[in-house]
Amino acid sequence: MQALLDVYKIRQDFPILSRKLFDGKNLVYLDNAATTQKPKEVIDAISRYYSEYNANIHRAVYQIAEEATEEYEKTREKIRKFINARHSEEIIFTRNTTESINLVAYAWGGSNVKKGNKIILTEYEHHSNLVPWQVLGRTKGAKLNYLQVDNEGYISLEELDKIISITGEGKTKLITLSEMSNVLGTIFPVKELIKLAHDKKIPVLLDGAQSVPHMPTDVQDTDCDFLAFSAHKMLGPTGVGVLYVKKEILEKMNPFISGGDMIKEVHKENTIFNEIPYKFEGGTPNIADVIGFGAAIDYLNEIGMKNVREHEVKMTEYLMSKLTEIKSIKIYGPKRSEDRGGLVSFNIEGIHPHDCATILNDFGVAIRSGHHCAQVLMEKLDIVASSRASLYIYNTKEEIDILIDALNHARRIFKT
Amino acid sequence: MSEDIYREMILDHYRNPRNKGKIEEPDIRINDSNPLCGDEISIDLKVENDVIKDIKFDGRGCAISQASASMLTEMVSNKPLTTIKDLTKDDILENIGLTNLGPARIKCALLSLKVLKLGMVKYYVDKDPSSADEMKDQSKVY
Ligand SMILES: Cc1ncc(COP(=O)(O)O)c(C=O)c1O
């Protein structure tokens, strides 16, 4: 069968993948859920902005400012297309997923969530999609309800129905969840959930930090009301996040950060805010990195998100099959690779994940160990930490083999 | 290389920790965790005439944090409480034989010393609240 994407060719676009670590070791980068590497197209786009048309955007009338504004706005349009939003005004630039979610919690939650209301989320949420709601709940006197994760890493929709019914008509103000868990890898069937929620007039926020970089996204198809994600987890630079909000909702939302750029007119006693989306982008934004993100989107489009997903399903199958062969390993999350993203969390009995990661570093292998910013889930799983290997378009089977060798070496050191 | 870290001594203390558990009615009970990796250490002390008569630790975490805690309890057992004041980061790293740990792992190695120092500070401040200011910086280890 023909390869879905040419991994070896792709690797050549990533300067960091050819660097040598200590002793001339190659970098085996398997921490893509934390942040991904950047192709030279992205690095060059940022550098081009600084060396050729560095200027502040939106107001100045000279040539380089107009060029900068155009490139910045082009990225907005690229993102609109990438997630299939109806309007480019529905795309707001933030710093990251965390800020996107906070924007919703403060600007939307601030005026829509009241005392006695409920917000539903899952037990596997990243702290970024949990703490802002706790903070909002505390200030408003609203409560959080958690959908339970079962042993396989799945969440049942029946439970959702039950929670909404118990809560009472009109009390549940928002359902917010990760489309893909950053620990279990579980992909949630969001379309069904959103339909169910909309039948009861409840809006849904999707934390797309892990899903948007790894599979096709279509906000019109899923019909989500809010979607948050980060550029740095999808080949783009750090410091840029996206918040998509349906226009009908966005038009009624109060601003989050106020000041320059987000205004139309300012007088001593009152201000008329700018139109959407600018109303939500106060102050000079991260122009260079938004432009860099545009190059990342181009790069992913070139490969095709369907191919990205298919590559990862294949690689995850390989990774899972190899991990399963290791004695006394516990793998978390769904067994079926179609139900999970390209990441696998595991623990080897008798080896703490931090020790595991330290030993793997000897092999040039970079994986993540810890609670992955999901302590509520860790409590549920009754562990303090796990190891996590996460894949992307440039990872190869050979790299997975190195990971497996390294894990077996760790077992020898710890005599497990 | 990690063979240098995970030598027999560390693995032995990790698998067979010394002074692990709790003391009934301790004079000092204190705990802390490393927020980045979730390592947890709690320490109980029995103090007589300012001498550490008994010490026990409890916790969960990586081999480095747990072995380091085990070795630390042996280091200060039956010593005057004031020895804790003088213990430095380097004393600990030398004692466990890991002088070239990276910055992330150093925190694991030093967690138990941090907890012990917090305990000592609490002990003195409970006895003499006016010493709080003077003791404030005594629990710093990094
Ligand atoms: C599911 C999920 N949500 C939110 C975040 C937070 O992303 P950021 O740190 O870019 O705000 C992450 C990243 O670790 C994540 O995996």
Side-chain angles (χ1 to χ4, degrees), chain A residues 21-25 28 31 34 126-127 131 183 328 345 347-388 402-403 405-416, chain B residues 1-17 20 31-43 57-72 92-93 96-115 142:
Chain A
L21 305 172
F22 59 91
D23 295 346
K25 283 236 156 41
V28 178
D31 195 15
H126 189 282
H127 295 163
V131 182
V183 181
S328 54
S345 291
N347 267 317
I348 298 177
E349 210 185 306
I351 312 179
H352 189 277
H354 280 101
D355 298 317
C356 186
T358 297
I359 294 170
L360 262 49
N361 183 50
D362 287 357
F363 290 72
V365 176
I367 64 156
R368 184 53 62 113
S369 59
H371 54 57
H372 315 292
C373 297
Q375 284 187 313
V376 169
L377 176 65
M378 292 287 136
E379 267 173 36
K380 170 83 178 208
L381 297 172
D382 196 24
I383 53 177
V384 278
S386 78
S387 299
R388 180 187 70 192
I402 297 172
L403 166 71
D405 281 349
L407 289 173
N408 282 320
H409 185 71
R411 285 188 49 228
R412 278 193 295 278
I413 289 183
F414 274 80
K415 303 193 176 69
T416 65
Chain B
M1 296 301 274
S2 47
E3 269 91 347
D4 302 332
I5 297 178
Y6 300 105
R7 282 163 304 119
E8 203 42 53
M9 182 174 73
I10 299 272
L11 294 178
D12 177 45
H13 275 270
Y14 178 48
R15 293 205 193 90
N16 314 298
K20 183 139 187 201
N31 70 289
D32 200 9
S33 63
N34 183 339
L36 287 177
C37 54
D39 286 352
E40 301 164 349
I41 296 281
S42 74
I43 292 180
F57 86 98
D58 207 351
R60 20 185 214 176
C62 64
I64 296 177
S65 73
Q66 303 302 305
S68 168
S70 168
M71 285 186 233
L72 179 63
I92 299 299
L93 297 177
I96 62 176
L98 299 177
T99 48
N100 51 2
L101 282 178
R105 299 314 304 273
I106 278 190
K107 293 225 161 85
C108 305
L110 297 181
L111 177 59
S112 49
L113 179 62
K114 184 180 168 207
V115 173
Y142 305 126

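Given the structure is predicted, the values throughout are model-derived calculations rather than measurements. Here is the naming used below: chain letters follow the sequence lines, and residue numbers restart at 1 for every chain.
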Asker: Using non-hydrogen atoms and a 4.5 Å limit, figure out which bit of B/L11 sits close to chain A: side chain, backbone, both or neither.
Answerer: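 Looking at B/L11, just its side chain touches chain A.
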Asker: What class does the angle between the rings of A/F414 and B/Y6 fall in, given that below 30° is parallel, 30 to 60° is tilted and above 60° is perpendicular?
Answerer: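 The rings of A/F414 and B/Y6 sit tilted, inter-plane angle from 30° to 60°.
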Asker: Quick one: closest heavy-atom pair of A/I413 and B/R15, and the distance?
Answerer: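 It is O-NH2, 4.3 Å.
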Asker: Closest heavy-atom contact between A/H354 and B/R105?
Answerer: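 Result for this residue pair: O-NH1, 2.9 Å.
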Asker: Does the side chain of A/D362 come within less than 4.5 Å of B/E3's, by heavy atoms?
Answerer: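 A side-chain contact under 4.5 Å exists here.
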Asker: For A/H409, is it the side chain, the backbone, both, or neither that has a heavy atom closer than 4.5 Å to a heavy atom of chain B?
Answerer: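 Side chain only.
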Asker: Relative to chain B, which of A/T358, A/D23, A/N361 shows the most heavy atom pairs under 4.5 Å?
Answerer: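 Sorted descending by pairs with chain B, the first entry is A/T358.
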Asker: Indicate yes or no for a side-chain donor-acceptor contact from A/D355 to the backbone of B/A63 under 3.5 Å, with no hydrogens or angles considered.
Answerer: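 Checking the backbone N and O of B/A63 against the side chain of A/D355, a donor-acceptor pair under 3.5 Å is found.
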Asker: Apply side-chain contact (heavy atoms from CB on, under 4.5 Å) to B/I64 and A/H352, showing your working.
Answerer: CA-CA 10 Å; B/I64 296 177; A/H352 189 277; over 6 Å; no
